[in-house]
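Worksheet for the structure shown next.
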2 protein chains.
Amino acid sequence: MPSNVLKTAEVEKISHLEYFNIAVSVDCVIFGYENKELKVLLIESDLKEFSGLYSLLGDLVRPDEDLDAASYRVLKERTGLDDVFLQQVHTFGRVNRHPSGRVVSTAYYSLININNHKLSIDDSNLHWHSVNSIKKLAFDHKEILDTCLKLLRSQVMDYPVVYNLLPEKFSLRALQEVYEAILGVSLDRRNFRKKIALKNWLQELDELEDDVSHRPGKLHKFKPKVIKSLLSKIG
Amino acid sequence: MPSNVLKTAEVEKISHLEYFNIAVSVDCVIFGYENKELKVLLIESDLKEFSGLYSLLGDLVRPDEDLDAASYRVLKERTGLDDVFLQQVHTFGRVNRHPSGRVVSTAYYSLININNHKLSIDDSNLHWHSVNSIKKLAFDHKEILDTCLKLLRSQVMDYPVVYNLLPEKFSLRALQEVYEAILGVSLDRRNFRKKIALKNWLQELDELEDDVSHRPGKLHKFKPKVIKSLLSKIG
DNA sequence: GCAAAAGTGTTTCAGTTACACCCATGC
DNA sequence: GCATGGGTGTAACTGAAACACTTTTGC
C-alpha cells in the first residue's frame, strides 16, 4: 500500500481478519507464605494433555476486558481477594505453548495472605505448594513461575510488596523470615532491621507479641500510605 | 465444570471460540544514535484516526509465529538488520488502545546503528526522531516509548546493550557520549572509564582515531563473546 | 535459673563520587 | 604556541557486611 493513502481503522481490521485468531490469557503466580516457606497457589490441570500436573491460575482475557483487569479478575475469582498488588512480569508467546490452540499469555505475580483467603475457597481443588518443591508444571508454567520469582526477588527490597504475606501486625522477626523465604538466604538480624528502618515503611505499635515462649517483640504494621502508593505505582 | 472431569484441549478450544477474537501485535522501539542524541525510528501513521502522528514499528503476530519471532521479523523487515539484541519490555492491553479492534501489543526495544541500516530503507517513510523531542505519538505509543526508555536506562550499565549504536571501532569518549545521551546526564570521564574497564566488555585496539583535530584516542571494540552472551541471555 | 529470642553499635570493606594535572596531536 | 580532548590517581564518602553482648520474658 502506498504510504500516502490513509485507511480507516475499519478497513485495516477487515484486511487482517485472519489475524484475529490468537487468544490472549493471563496467568497469575499467586505467592503465599506459611511455615517459613514461600508457597504458590496451583490448581490441578483439567486438560487431558497435562493430567496429573498442576498449573497456575489463569484465564482467557475477555474481549471487553483490559489485560490488567483480567489478572485482577482471576485473582478475585480464585481467592476472593481484592485490592491486591499485581505486577505484570512477562508475556509468553511460543506458538505451541498451549495445546488448545494459539494462546499468548501475560504473567503476573502477586502476594497474598494464605489465611485471609481460606474462607473464599469453597469449590475448588486449589492447593498451596512450596515453591522450592516444584519441579514440573503444566504448559510452560514452570518457566513462568521461575521468571516471576526472579522478578519478585529483585523487587522485594525496593518495594513493600510483602505487606500482604503477614497479618496486619507482625514482629520484625516474622518479617525477616518472610524475606529469608523469598530470597532463599539467611539474613543478619541487625543489618536487616537497619535496612528496613531506613525504608520507613513500618510504624511501630505499642503492642507486643503475646503467643511466644520467650521475650516478646514489638509489633509493627505497614504504613497505609506506603501501601497506597505501592498500589498506584506498579499495579 | 466438576474438577474431576478432564476435557481435551480440543473441547476446551471449542468451548471458548468466542475468545479467539483478540489480535496480538508487537511494537518495536528501535533506538539509534546520531549527533550525540538518542533517536527512535518512527513511521507516519497510516490510520486516518492518527493522521499526522507518528507511530512505532509494529505488526500483528502471525498465527504460526512465536511472539519473539514477530519482533525480530518487524525489525528485519524495517531495517534489514538481523542478529540484533531485542528485549521484551511490557505488554499493553487496554481495551480501546487500538481503533481497529482489540489488539494487545507486546513492546520490545532494540538498539541499532543508524548508518548500517540506511541502505535498507528504500521504500518507506521511516524517520529517526530525537527521543527528547517526542511529545505525542499515535495509539499509546508514547507510553510504550517511555516504558522502554525507562527499562533501557536501567539496563544500560548492567548489560552491553549499546554495542550496536557505534561503529565497530570507537573511542572511549564516543562511548561515553552514547551513555550520556541515553541516561540524559553528563558523566565524569575518569569514573566512567574506570567503571567500563571493570566490566571487561571491551578490548583495546592498536589503532587511533584519525579524523580528529586533537590528540587521537585509542580505539576499542566490544569483545565478541560479550555480545554473544548478551544475545543468548536476554534476547 | 535457664532457654529463647529481643534489642542494639561499631568496625571493616567495597563501590561511588569528586576532583586536577600533564600529554599528544592538529592547526 | 594554543586549542582540544586523551589519559591518569587519590581522597572522601556512602552503603553493605561482619560481628557479640545484655535484656526480657515464659517456663
Side-chain angles (χ1 to χ4, degrees), chain A residues 33 35-37 153-160 162 166-222, chain B residues 33-37 153-160 166-222:
Chain A
Y33 173 76
N35 295 328
K36 308 191 182 179
E37 278 191 320
R153 283 177 170 164
S154 78
Q155 293 186 328
V156 81
M157 280 299 184
D158 296 326
Y159 304 95
V162 300
L166 290 167
E168 196 196 349
K169 303 171 182 182
F170 51 85
S171 68
L172 290 178
R173 175 183 39 76
L175 184 66
Q176 179 174 341
E177 285 165 354
V178 165
Y179 275 89
E180 291 177 333
I182 291 174
L183 296 171
V185 297
S186 65
L187 301 170
D188 178 86
R189 182 155 45 108
R190 280 171 291 187
N191 292 336
F192 177 77
R193 285 168 187 231
K194 257 182 293 181
K195 206 182 275 190
I196 292 293
L198 234 25
K199 298 194 189 304
N200 208 21
W201 291 342
L202 306 183
Q203 56 188 247
E204 189 177 287
L205 303 173
D206 278 332
E207 290 177 70
L208 300 175
E209 293 179 286
D210 63 355
D211 53 349
V212 290
S213 71
H214 55 75
R215 175 176 174 182
K218 286 213 178 103
L219 293 180
H220 297 250
K221 59 180 271 191
F222 278 89
Chain B
Y33 173 75
E34 202 176 39
N35 295 329
K36 309 191 183 180
E37 278 191 321
R153 284 177 170 165
S154 79
Q155 294 186 326
V156 80
M157 280 300 184
D158 296 327
Y159 304 95
L166 290 168
E168 197 197 349
K169 304 171 180 181
F170 50 85
S171 67
L172 291 177
R173 174 182 37 79
L175 184 67
Q176 180 174 337
E177 285 166 355
V178 165
Y179 275 89
E180 291 177 333
I182 292 174
L183 296 171
V185 297
S186 63
L187 301 170
D188 178 86
R189 184 156 45 111
R190 278 170 294 189
N191 292 336
F192 176 77
R193 285 167 187 233
K194 257 182 295 181
K195 205 182 275 189
I196 292 293
L198 234 25
K199 297 195 189 305
N200 208 21
W201 290 342
L202 304 184
Q203 56 188 244
E204 189 178 288
L205 304 173
D206 278 333
E207 291 177 71
L208 300 175
E209 293 179 285
D210 63 354
D211 52 349
V212 290
S213 70
H214 54 76
R215 174 177 174 179
K218 285 214 179 106
L219 293 179
H220 297 249
K221 59 179 270 192
F222 279 90

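No hydrogens, no waters, no symmetry mates; every other heavy atom, side chains included, goes into these values. Here is how names work: the chains are called A, B, and so on, in the same order as the sequence lines, proteins then strands, and each is numbered from 1.
Rounded to an integer number of Å, the gap from CZ of B/R173 to P of C/dT25 is 15 Å. B/F192 places its CZ atom 13 Å from the P atom of C/dT17, with the value rounded to the nearest Å. Rounding to whole angstrom units, CD of residue A/Q176 and C1' of C/dG7 are separated by 13 Å. Remark: C1' of C/dG15 and CG of B/N191 are 11 Å apart, rounded to the nearest angstrom.
Annotation for B/W201 and B/M157: closest pair CH2-O, 3.8 Å, computed over non-hydrogen atoms. Considering all non-hydrogen atoms of both residues, B/L187 and B/F192 come closest at CD1-CD1, 3.9 Å. Between A/Q176 and A/R189, the shortest heavy-atom distance links the atoms OE1-CA, 3.6 Å.
Using modelled atom types, no side-chain atom of B/Y33 and backbone atom of B/I182 make a donor-acceptor pair closer than 3.5 Å. For B/K218 (side chain) and B/L172 (main-chain N/O), no donor-acceptor pair under 3.5 Å exists by modelled atom type.
Among the heavy atoms of the strands lying under 4.0 Å from B/K194 is at least one base atom, whether or not backbone atoms are also near.
We find the CG-NZ distance between B/N191 and B/K194 to be 4.5 Å, quoted to the nearest 0.5 Å. We find the CZ-CG distance between B/R193 and B/L175 to be 9.5 Å, quoted to the nearest 0.5 Å.
The only member of A/E168, A/Q203, A/E209, A/E204 that meets side-chain contact (heavy atoms from CB on, under 4.5 Å) when paired with A/L219 is A/E209.
Checking A/D188 against A/G217, the closest nucleotide of DNA chain C that is more toward the 5' end is the one next to A/G217. Where A/R215 and B/R215 each meet DNA chain C at their nearest nucleotide, the meeting point lying more 5' is that of A/R215.
When DNA chain D is scanned 5' to 3' for any atom under 4.0 Å from a heavy atom of chain A, the first and last hits are D/dA17 to D/dG26.
Listed by residue number, the members of residues 197-214 of chain A with any heavy atom below 4.0 angstrom from DNA chain C are A/H214.
Taking the six-membered ring for Trp, B/F222 and B/F170 have ring centres closer than 6.0 Å.
When the side-chain nitrogen and oxygen atoms of A/R189 are compared with OP1 and OP2 of C/dG7, none of them lie within a distance under 4.0 Å.
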